[in-house]
Amino acid sequence: MKEKVFLSSNGTGTAGIIKNDLLKNLFEKFSINFEDIVDIINSNHGSRFNERQSYGIFIKSIPSNPSDSNKDFVLTEVSLDREGNDSSKKGRVDFFIFYRNWLLLVELKLVRTGITTKDGSDYKIIVKKWEEAKKQIESIPVDNNPVLNEFVDRLKAKGIVKIPMMIIVYHENDDKNGNYFSDNDANEYLTDKVNDLESKIKPQYGYFTSINNKHSLNLGNDRFRRIRGISFFANS
């Protein structure tokens, strides 16, 4: 299994330490939990792992505060004002996390791509999803936001951190005869693909791991697909 972790160059101070701690542990735990159920995902013929399905694994993977885990919590799909108090600018944030006395707002996107695809529509989709995540989370004002102000006051939160995040699932289709790359070759393609995406997206945080599962998803018409890896990108 190949892994790669890089942390934000501006991850200093208390807020930076909290983000580094949360994201590093979250990414590692999500990868482990995802790999544990990947065979179950692939046995669900015709189904492709999607953003909504990732919510349960995401919540399960959020690390607890070792000093006082009873205070930590996570909410999903919380309604918040965007770009001010105009009621027409209401929106929802995917994850509303209280962690180590900080309030973290996470906008999550999930995309799938083939390990051998170099250019084309999937790159455009990935970049578009990443820009959407950043735009959506940036549109939530921290100041003069009634919901956030109430949470900060009640929880005595130390501050608010907004995090756009993207999960990318990498797959390999068979060659129409049921054959796949060797694990070593697949890992090389995966590493090249992740590095290429990283250079295009330029995230501040990232992690990836290969998944060498042997169970295939039935795509129909005698075509099959294996999940080969998963990566995470995030900004602060």
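Model, not experiment: these values are computed from the prediction.
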> If you measure from CG on Leu108 to CZ on Phe58, what distance do you get to the nearest 0.5 Å?
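Separation between the atoms: 6.0 Å.
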
> Could you walk me through whether Phe181 and Thr116 satisfy the side chain to side chain contact (heavy atoms under 4.5 Å, CB included) test, starting with their C-alpha distance in whole Å, then the side-chain angles of each, then the deciding distance to 0.1 Å, before giving a yes or no?
CA-CA 11 Å; Phe181 292 122; Thr116 58; 3.6 Å; yes

> CE of Met166 to CD of Glu132: how many Å apart, nearest 0.5 Å?
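The distance works out to 10.5 Å.
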
> Any donor-acceptor pair under 3.5 Å linking the side-chain atoms of Ser231 with those of Tyr207?
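Distance-only check fails for Tyr207 and Ser231.
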
> For a quick test of reading the model, state the closest non-hydrogen atom pair linking Pro203 to Ala234 and the distance between them.
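So the minimum-distance heavy-atom pair works out to CB-O, 3.9 Å.
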
> Check this for me: does any side-chain nitrogen of one of Glu198 and Lys202 sit under 4.0 Å from a carboxylate oxygen of the other?
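No, Glu198 and Lys202 are not salt-bridged.
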
> So, for Val142 and Asn149, which heavy atoms are closest and what is the spacing to 0.1 Å?
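Here Val142 and Asn149 meet closest at O-OD1, 3.9 Å.
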
> Can you tell me how far the NZ atom of Lys134 sits from the CD1 atom of Ile201, to the nearest 0.5 Å?
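Answer rounded to 0.5 Å: 9.0 Å.
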
> Does Asp94 offer a backbone N or O that forms a donor-acceptor pair with the side chain of Glu77 under 3.5 Å?
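No, Glu77 side chain to Asp94 backbone: no donor-acceptor pair under 3.5 Å.
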
> Can you find a heavy atom in the side chain of Arg112 that is under 4.5 Å from one in the side chain of His171?
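Yes - at least one pair of side-chain heavy atoms lies under 4.5 Å apart.
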
> Over all heavy atoms of both residues, which pair between Ser54 and Phe30 is shortest? Give the atoms and the distance, please.
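In terms of heavy atoms, the two residues are closest at O-CE1, 3.8 Å.
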
> Answer whether the closest heavy-atom distance between the side chains of Ile168 and Leu197 falls below 4.5 Å.
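They are in side-chain contact.
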
> When rounded to the nearest 0.5 angstrom, what distance separates OH in Tyr55 from CG in Leu110?
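Atom-to-atom, Tyr55:OH and Leu110:CG are 10.0 Å apart.
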
> Under 3.5 Å, is there a donor-acceptor pair between the side chain of Asn235 and the main chain of Gln204?
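Such a contact is found between Asn235 side chain and Gln204 backbone.
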
> Is there side-chain contact between Ile62 and Leu22, with heavy atoms separated by less than 4.5 Å?
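The answer is yes; the side chains approach within 4.5 Å.
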
> In the structure I gave you, are the side-chain heavy atoms of Thr76 and Val93 within less than 4.5 Å of one another anywhere?
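They are not in contact (no side-chain heavy atoms under 4.5 Å apart), so the answer is no.
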
> Could you walk me through whether Phe208 and Tyr170 satisfy the ring pair (Phe, Tyr, Trp, His ring centres under 6.0 Å) test, starting with their C-alpha distance in whole Å, then the side-chain angles of each, then the deciding distance to 0.1 Å, before giving a yes or no?
CA-CA 10 Å; Phe208 89 88; Tyr170 303 87; 7.6 Å; no

> Are Arg226 and Glu172 ion-paired here, with the side-chain N under 4.0 Å from a carboxylate O?
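So Arg226 does not pair with Glu172 through a salt bridge.
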
> A side-chain contact here means heavy atoms from C-beta on lying under 4.5 Å apart; do Asp21 and Tyr99 qualify?
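A side-chain contact exists here, since the closest heavy-atom pair is under 4.5 Å.
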
> Apply the test side chain to side chain contact (heavy atoms under 4.5 Å, CB included) to residues Ile97 and Trp102: give CA-CA distance (whole Å), side-chain angles for both, the deciding distance (0.1 Å), then the verdict.
CA-CA 8 Å; Ile97 304 168; Trp102 285 77; over 6 Å; no

> Is there a ring pair (Phe, Tyr, Trp, His ring centres under 6.0 Å) between Phe151 and Phe96 once you walk through the steps?
CA-CA 10 Å; Phe151 269 100; Phe96 194 94; 4.5 Å; yes

> Counting only heavy atoms from other residues, nucleotides and ligands, does the tally under 6.0 Å from CG of Asp143 exceed 12?
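No, CG of Asp143 has 12 or fewer neighbouring heavy atoms, counting only those of other groups under 6.0 Å.
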
> Lys129 and Val111: which non-hydrogen atoms are nearest, and at how many Å?
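Of all heavy-atom pairs spanning Lys129 and Val111, the closest is CG-CG1, 3.5 Å.
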
> Is there a donor-acceptor pair closer than 3.5 Å between any side-chain N or O of Asn177 and the backbone N or O of Asn179?
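Between the backbone of Asn179 and the side chain of Asn177 there is no qualifying donor-acceptor contact (under 3.5 Å).
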
> Please report the closest heavy-atom contact between Asn25 and Pro63, naming both atoms and the distance.
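Heavy-atom minimum between the residues: CB-CG, 3.8 Å.
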
> For the residue pair Phe73 and Leu155, establish whether any side-chain heavy-atom pair is separated by less than 4.5 Å.
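Side chain of Phe73 against side chain of Leu155, heavy atoms only: contact under 4.5 Å found.
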
> Looking only at atom types and distance, does a side-chain atom of Asp196 sit under 3.5 Å from a main-chain N or O of Asp192, one as donor and one as acceptor?
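Judged by distance alone, no pair lies under 3.5 Å.
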
> For Ile160 and Val152, what are the C-alpha separation, side-chain angles and deciding distance, and is it a side chain to side chain contact (heavy atoms under 4.5 Å, CB included)?
CA-CA 8 Å; Ile160 298 171; Val152 169; 3.7 Å; yes

> Nearest 0.5 angstrom please: Phe34 CZ to Ser61 OG, how far?
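Those atoms lie 11.0 Å apart.
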
> So Leu105 and Leu148, side chain to side chain contact (heavy atoms under 4.5 Å, CB included) or not? Walk me through it.
CA-CA 10 Å; Leu105 311 179; Leu148 288 182; 4.1 Å; yes

> Return yes if a side-chain donor-acceptor contact under 3.5 Å exists between Asp183 and Asn187, otherwise no.
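No pair is found: no donor N or O on one side chain lies under 3.5 Å from an acceptor on the other.
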
> Verify whether one side chain among Gln136 and Lys162 offers a donor that lies under 3.5 Å from an acceptor in the other.
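No pair is found: no donor N or O on one side chain lies under 3.5 Å from an acceptor on the other.
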
> Spell out, as yes or no, whether a donor-acceptor pair under 3.5 Å connects the side chain of Lys193 to the backbone of Gly114.
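The answer is yes, because a donor-acceptor pair under 3.5 Å joins these two groups.
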
> For the atom pair CD (Glu107) and NZ (Lys135), what is the distance rounded to the nearest 0.5 Å?
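Separation between the atoms: 12.5 Å.
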
> When you check the side-chain N and O atoms of Asn173 and Tyr180, is any donor under 3.5 Å from an acceptor?
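No donor-acceptor contact under 3.5 Å links the two side chains.
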
> Is the shortest side-chain heavy-atom distance between Phe233 and Tyr205 below 4.5 Å?
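A side-chain contact under 4.5 Å is absent here.
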
> Does Asn145 use its side chain to pair, donor to acceptor, with the backbone of Pro141 at less than 3.5 Å?
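Yes, the answer is positive, given that a donor and an acceptor are paired below the 3.5 Å cut-off.
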
> Examine Leu190 and Ile32 and state if one hydrophobic cluster contains both, with Ile, Leu, Val, Met, Phe, Trp and Tyr joined whenever side-chain heavy atoms are less than 4.5 Å apart.
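Leu190 and Ile32: separate clusters.
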
> Quick one: do Ile167 and Val127 end up in the same hydrophobic cluster if we chain Ile, Leu, Val, Met, Phe, Trp and Tyr together by side-chain heavy atoms under 4.5 Å apart?
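As far as the 4.5 Å side-chain criterion goes, Val127 and Ile167 are not connected within one cluster.
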
